[in-house]
Amino acid sequence: MHIPASEGRASVFYQYKVYPYRHPSEMDETRTVQSVVVVGAGPIGLATALDLARFGVPVTILEEDLQLSEGSRAIVLTRRSLEILQQLGVEKPFLDKGLPWSHGRSFFRGQEIYKMIMPYDEDDRYLPGLNIQQQYIEEYLVDYCRTEKLIDIRWGQKVLAVSQNDSAVTLRIDTPEGEYDLVASWVVAADGGRSTIRKLLQLRMEGRAYPGNFVIADIKTKIDLPTERLCFFDPAWNPGNNVLVHRQPDDLWRIDFRLPDGETAERALEPELLHTRINAVLEMINQRNEWQLDWATVYSANTLTLADYVHGRILLTGDAAHLLPIFGVRGVNTGFQDCNNLAWKLTFVINGWAGLNLLQSYTQERVQAAREICEEGGKSTRFMTPPSRGTRLLRDAVLSFSLSEDFLKDLLHWRTSRPHDYHNSPLNSFLEADREFGGGVGLGQPLRNVKLASNDYFLDRIGSRAGFHLIVFVGERGLTPSLGEILSASANEPFPIFRTVIGVSVRAAAGLDDVIITDEEGRVSGKYEGTPGTVYLVRPDLHVCARWHLTSRDQVSLALRRAVAH
Ligand SMILES: Cc1cc2nc3c(=O)[nH]c(=O)nc-3n(C[C@H](O)[C@H](O)[C@H](O)COP(=O)(O)OP(=O)(O)OC[C@H]3O[C@@H](n4cnc5c(N)ncnc54)[C@H](O)[C@@H]3O)c2cc1C
């Protein structure tokens with residue numbers, strides 16, 4: 001019998017709600033087959049459910065706990081994650097609560113050596129980072145899931161076993177009332193780093209685990225410093241190691257430091273030692289205020305991924321599929337890109353709009369993304385926690401020369417989580433037409449935002465419409481017959497295709513449902529290298545899969561076939 005804790009977790013800033021366990025009807029009735037079951041109500045399971053519901057797919061979420069997870073965990077959302085949340089129509093509370101930021105400073109032995117400025121310009125609706133505790137990320141997503149009729153969250157239900165055949169997956173579930181079976185056409189395993197499903201399927205991850213342990217401690221205290229990422233190498237109180245400091249909402253501060261080699265997690269979390277070290281960090285940033293500890297834990301860095309995220313009718317995502325170092329804010333931000341990639345593909349397969357091959361492209365694109373992150377995140381990790389005496393010497397040499405040599409400072413750049421380009425995706429087509437562009441947004445890249453004269457943004461206009469997008473650029477005379485034909489033919493596809501017409505003076509657009517953008521200053525056409533006749537074909541996760549300066553109805557139709565893996 002699974003008896004989840006029914007007391008809310010302790011926190012000095014967050015009031016944990018305990019959600020009710022509900023008796024599952026499958027315990028006493030004939031079993032119905034669920035369309036999709038998501039295992040895990042972490043950020044990625046919840047976002048996947050919302051994305052599937054956006055496409056009209058009903059989802060049941062199984063969560064072993066009765067409450068949100070412990071600790072602030074993933075505290076930084078990237079701009080790409082906010083764009084994905086905007087696509088799900090849920091970004092507002094995140095923006096209201098979170099603290100936006102765009103730069104960081106690094107210090108070596110007390111002296112500032114580098115100011116990291118993350119790129120952004122006036123076309124970006126969001127700053128590169130937004131600090132917000134994971135409790136809020138989960139709370140807001142749960143709130144949206146609870147108002148969505150297509151989503152059923154079952155709290156206090158733990159998956160114990162799984163089996164599958166060609167047409168369905170059966171989950172054995174333990175609850176406070178005993179066990180029952182739930183049958184689903186598809187299961188999304190979003191059950192986190194210690195994924196039960198990954199273990200049950202006996203899947204092994206590839207990559208490496210890094211030596212060295214870090215403490216994460218959250219303290220509540222009033223500190224008058226801006227929202228920026230502070231990184232201290234080799235401070236006097238923690239020689240040879242490093243310390244990170246991040247501001248969060250509610251006067252919560254994240255302190256993250258590497259432990260001396262050989263020190264155990266138990267020793268590091270002993271209250272007296274932890275207290276002394278936190279005071280040393282505060283002293284270092286010239287703060288001597290009272291503080292309260294909210295949460296502390298010890299972690300180590302991994303760059304691990306499964307080689308395949310699709311196993312029959314079971315699809316793995318988020319931390320269940322990969323374990324990435326937190327340097328560069330990679331965990332939750334990578335997971336949001338997974339779910340955005342997976343949800344439309346699964347919908348298309350469920351609705352018979354695409355064959356099973358489309359799901360293979362989920363694995364191809366997202367495993368490649370995870371491998372790139374492992375490579376990039378591995379570099380940051382080796383810099384933060386040198387694995388040998390030689391690498392430490394080299395790292396320290398770079399740090400000390402950075403005090404006087406500007407050219408070395410680039411080596412200190414903290415490559416953060418970025419939007420992935422599916423440049424080699426099998427879903428892309430018309431590569432030669434893509435090569436005719438000198439700029440714009442290339443094959444596999446996500447759409448880029450542009451500030452419009454009306455003071456809103458290009459991606460606001462694309463909105464949360466769930467389907468493919470045809471974006472066409474027109475000249476003074478509006479739609480040409482050929483562009484009109486391309487737009488009208490899109491209505492014959494079995495799946496939704498939304499149309500956006502952009503031009504200096506968009507007089508003759510195709511239909512009432514089209515989004516029309518009057519681009520008087522040429523800002524959108526400049527960013528997209530859009531000339532009259534240019535067409536972009538964009539997937540439902542807003543990655544470009546074909547583009548032409550001049551095309552025809554047949555070419556667009558071929559590209560669509562390719563994009564759904566036909
Ligand atoms: C201690 C810690 C500190 C972290 N710190 C940072 C950080 O500073 N920065 C950062 O970017 N990332 C951090 N992360 C990583 C970040 O939290 C994850 O990347 C993110 O939570 C991944 O989301 P997810 O939904 O894939 O998995 P999770 O958030 O782990 O969610 C999985 C969910 O599945 C549920 N579940 C598990 N097994 C079962 C089962 N058998 N049946 C039903 N439900 C089940 C769990 O209860 C949980 O709710 C941290 C993670 C941990 C554990």
Side-chain angles (χ1 to χ4, degrees), residues 42-45 47-48 51 74 76-85 87-88 118-119 128-129 188-190 192-193 195 198 203-208 301-311 314-346 348 357-381 414-428 441-448 538-545 563 565:
I44 308 312
T48 306
D51 213 347
V76 186
L77 293 180
T78 60
R79 175 164 52 227
R80 180 71 191 131
S81 291
L82 290 169
E83 287 170 357
I84 291 172
L85 293 172
Q87 234 197 322
L88 303 185
M118 298 204 282
V188 176
S195 169
R198 192 177 68 222
L203 304 176
R204 288 180 64 85
M205 288 181 152
E206 59 177 45
R208 66 183 283 196
N302 298 297
T303 48
L304 296 167
T305 176
L306 291 173
D308 194 349
Y309 298 167
V310 178
H311 294 270
I314 302 172
L315 314 158
L316 291 103
T317 189
D319 276 15
H322 42 65
L323 285 171
L324 306 169
I326 66 170
F327 309 117
V329 300
R330 299 172 199 274
V332 82
N333 294 303
T334 305
F336 281 140
Q337 293 186 49
D338 290 344
C339 87
N340 201 222
N341 189 301
L342 175 60
W344 73 270
K345 294 177 179 174
L346 185 52
F348 274 51
N357 275 351
L358 189 58
L359 289 175
Q360 284 312 317
S361 75
Y362 165 62
T363 268
Q364 281 165 304
E365 293 175 353
R366 294 311 301 161
V367 170
Q368 180 169 342
R371 286 182 176 145
E372 284 170 21
I373 296 165
C374 287
E375 178 66 30
E376 290 163 16
K379 282 186 206 154
S380 326
T381 307
W414 173 272
R415 321 229 169 258
T416 40
S417 167
R418 59 177 169 84
H420 277 270
D421 289 359
Y422 305 134
H423 192 67
N424 302 320
S425 170
L427 309 187
N428 297 341
V441 178
L443 288 189
Q445 294 178 353
L447 290 185
R448 266 189 251 136
V538 182
R539 313 173 347 171
D541 56 3
L542 302 190
H543 285 257
V544 173
C545 57

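Atom set for the values below is all heavy atoms of this structure, side chains included, hydrogens, waters and symmetry mates excluded.
Of all the heavy atoms in Pro446 and Pro419, the pair that sits closest is CG-CB, 3.7 Å. When all heavy atoms are compared, the tightest approach of Ala307 to Glu206 is CB-OE1, 3.7 Å. When all heavy atoms are compared, the tightest approach of Thr317 to Ile44 is OG1-CG2, 3.8 Å.
Panel note: side chain Gln87, backbone Pro540; a donor-acceptor pair is recorded below 3.5 Å. In this structure a side-chain-to-backbone donor-acceptor pair under 3.5 Å is present from Ser361 to Leu358. Checking side-chain atoms of Arg198 against main-chain N and O of Leu203 turns up no donor-acceptor pair under 3.5 Å. Of the possible polar contacts, none joining the Glu365 side chain to the Asn341 backbone as a donor-acceptor pair under 3.5 Å is found. With hydrogens and angles ignored, the 3.5 Å screen pairs no side-chain donor or acceptor of Asp51 with any backbone N or O of Leu88. Side-chain atoms of Asn302 never come within 3.5 Å of backbone atoms of Leu323 as a donor-acceptor pair (strictly under, hydrogens ignored). A side-chain donor-acceptor contact under 3.5 Å links Asn333 to the backbone of Val76.
No option in Gln445, Glu372, His543, Gln337 other than Glu372 meets the side chain to side chain donor-acceptor pair (under 3.5 Å) test with His420. Thr363 pairs in a side chain to side chain contact (heavy atoms under 4.5 Å, CB included) with only one of the listed residues (Leu342, Leu315, Val310), which is Val310. When each of His311, Arg366, His322 is checked for a side chain to side chain contact (heavy atoms under 4.5 Å, CB included) with Leu316, only His311 meets the rule.
How far CG of Asn340 is from CG of Leu542: 7.0 Å, rounded to the nearest 0.5 Å. Between atom CD of residue Gln364 and atom OH of residue Tyr422 there is a gap of 12.5 Å, rounded to the nearest 0.5 Å. With rounding to the nearest 0.5 angstrom, the NZ atom of Lys345 is 6.5 Å from the CG atom of Asp541. Here Leu443 contributes atom CG and Asp421 contributes atom CG; the two are 10.0 Å apart, rounded to the nearest 0.5 Å.
Side-chain contact between Leu77 and Leu85 is present, with heavy atoms from C-beta onward closer than 4.5 Å. In this structure, the side chains of Phe336 and Arg80 stay at 4.5 Å or more apart for every pair of heavy atoms. Taking 4.5 Å as the limit, some side-chain heavy atom of Val367 sits within range of a side-chain heavy atom of Tyr309. Side chains of Leu346 and Thr48 form no contact here, defined as non-hydrogen atoms less than 4.5 Å apart. Taking the side chain as every heavy atom from C-beta outward, Ser195 and Met205 never approach each other to under 4.5 Å. Contact of the Leu304 side chain with the Cys374 side chain is not registered, since no non-hydrogen atoms from C-beta on lie closer than 4.5 Å.
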